[in-house]
Protein chains: 2
Amino acid sequence: MPVSPEALEAAHLIDRLERLARSGEQSGRLNPAQWDALRYLARANRFSRTPAALADYLASTRGTVSRTLASLEYKGYVSRGPSARDGRSVEFALTPKAEHALARDPLRIVATDIEQATDGNVAKLLDGLRRTLRNSIARNNGRAFGACLSCWHFRVRVRLSSRTPHHCGLLDEPLSEADSRTICVEQEPAAAA
Amino acid sequence: MPVSPEALEAAHLIDRLERLARSGEQSGRLNPAQWDALRYLARANRFSRTPAALADYLASTRGTVSRTLASLEYKGYVSRGPSARDGRSVEFALTPKAEHALARDPLRIVATDIEQATDGNVAKLLDGLRRTLRNSIARNNGRAFGACLSCWHFRVRVRLSSRTPHHCGLLDEPLSEADSRTICVEQEPAAAA
DNA sequence: CGAGATAATTGCTACTAGCTATTACTGCAG
DNA sequence: CTGCAGTAATAGCTAGTAGCAATTATCTCG
């Protein structure tokens, strides 16, 4: 398959950017996989905070993710609770310590670089990256892991004056405004890409 | 330091893109660090093919890189030779096996995604990424590792009718057209960013 | 020539990932 | 309600990996 030199260079740049960000992650006592887990939990909704979901999201295995979360729990970054939906399952939540760490997430440094590089006009870069990721995911496994807002099962403003005005048609659950921006394992894009 | 949500999302997307590419790398018998080494050697000029240079480029340690290269050598992807410039140093070259592997580099898949996502108009995305990486590198360690073409020491067309018309003022070496596009450890950007 | 710096490698240690059981629970069929 | 195939999570085992520190060979400068 032919690839233009420009596209290839862009791929190289993404690779290098990520590597630089990763080297910043080493400074704490969290490894890259652990950072990824924290970031995921910070954005995932309450139906998607299980080891299995995280494993799917990270394209990793359940055994590995199990240990990652165990390590995070041991260090006090996450807490574990039983799932109300499935007795075999567990659900994780971030602790204040994790919130504090995320406020100093090395990824933020890349974000500031992006902001500077685009003079505050991030939209175009963001759009290109979004489309690219969508393509990549589509070819890899089809798991989108998008936000509820853009999901096929998302019903807008079903209960107008409620704190949870929206609704998930798949899980049959009320959703708040904040919920609608969280990542969900069940997400299926609403419209064709 | 405040960061816009858009910039942060862009950083997240880069992280995820890279992770997907990385999962593709597992399929062969080369790990991510080994892929990075091959990619580097494919683009580095003949003054920059040492373990130390690679370690700087990857922001890794020399010990680690030494093993990475040893493993690649054992598997037949790179060959080792003494350095003409420094008796302590060694220089690595890619074998045909490596060239063959690079033709199937998983990063190319990301590149095709980028190409599709931008409808062939990669320039803008590329520009944003270039600027971002420049910022990131500048803050991290200042090692640019750019191509000779954009180097302070690069002298254009000093020998007009030669196969090596250009010249490196620092190393005092003639450079071919191809040389001028390779990555060099010594590179210092010609103009202020 | 001698001293200090540098290139590369290797021993040691700690960590990490994947594979493969193993345990506990679910949900369906009869 | 009982058994059974399927799934969630985890632990044992193994192989591979990275970083640090020590070692050897070589360079450079006085």
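We name chains A, B, ... by the order of the sequence lines, and we start the count at 1 in each one.
At least one side-chain nitrogen or oxygen of A:S89 sits closer than 4.0 Å to the OP1 or OP2 atom of D:dA9. At the phosphate of D:dT17, OP1 or OP2 sits under 4.0 Å from a side-chain N or O atom of B:N31. Put simply, B:S66 has no side-chain N or O that comes within less than 4.0 Å of OP1 or OP2 on C:dA8. For the OP1/OP2 pair of C:dG18 and a distance below 4.0 Å, the side-chain nitrogens and oxygens of A:T64 include at least one atom meeting the criterion. Between A:T61 and C:dA17, a side-chain N or O to OP1/OP2 separation shorter than 4.0 Å is absent. The side chain of A:T50 places no N or O atom within less than 4.0 Å of a non-bridging phosphate oxygen (OP1 or OP2) of D:dA8.
One atom, CG of B:D86, and another, P of D:dA25, lie 15 Å apart when rounded to the nearest Å. Atom pair B:E91:CD and C:dA7:C1' shows a separation of 12 Å (rounding to whole Å applied). Taking atom CG of residue B:L72 and atom P of nucleotide D:dT17, one finds them 10 Å apart after rounding to whole Å. Whole-Å rounding puts the A:R49 CZ to D:dA8 C1' distance at 18 Å. What separates CZ of A:F92 from P of D:dA9 is a distance of 8 Å, to the nearest Å. Straight-line distance from the OH atom of A:Y74 to the C1' atom of C:dC15: 14 Å, rounded to whole Å. Summarising the geometry, the separation between CZ on B:R62 and P on D:dT23 is reported as 19 Å, rounded to the nearest angstrom. Distance, B:L30 CG to D:dA15 C1': 16 Å, rounded to whole Å.
Although no hydrogens or angles enter the test, the distance criterion places a donor-acceptor pair under 3.5 Å between the side chain of B:R49 and the main chain of B:A44.
With sequence neighbours excluded, the residues that form a salt bridge (Lys or Arg N to Asp or Glu O under 4.0 Å) with B:R88 are B:D86.
Side-chain atoms of A:R67 come within donor-acceptor range of the base of D:dG12, with a qualifying N/O pair under 3.5 Å.
Candidate nucleotides D:dC27, D:dA9, D:dG19 were compared by shortest atom distance to the side chain of A:A52, and D:dA9 ranks first. For A:P51, taking side-chain heavy atoms from C-beta onward, the closest of the listed nucleotides D:dA9, C:dG11, C:dA17 is D:dA9.
Side-chain contact between A:L54 and A:D36: absent, with no pair of heavy atoms (C-beta onward) separated by less than 4.5 Å.
Here A:V65 lies out of heavy-atom contact (under 4.0 Å) with every strand. Within the 4.0 angstrom heavy-atom criterion, no nucleotide atom of any strand lies near B:A70. Within 4.0 Å (heavy atoms only), B:S71 reaches no atom of the nucleic acid at all. Within 4.0 Å of B:S83, counting heavy atoms only, lies no atom of the nucleic acid at all.
Comparing A:R88 and B:L69 by the nucleotide of DNA chain C whose heavy atom lies nearest to each, the residue mapping closer to the 5' end is B:L69. With DNA chain D read from its 5' end, the first of the two nearest nucleotides for B:K75 and B:G63 is the one closest to B:K75.
Rounding to the nearest 0.5 Å places NE2 of A:H100 at 14.0 Å from CG of A:L94.
Of all heavy-atom pairs between A:A98 and A:Y77, the closest is CB-O, 3.1 Å. Annotation for B:S4 and A:V122: closest pair OG-CG2, 4.5 Å, computed over non-hydrogen atoms.
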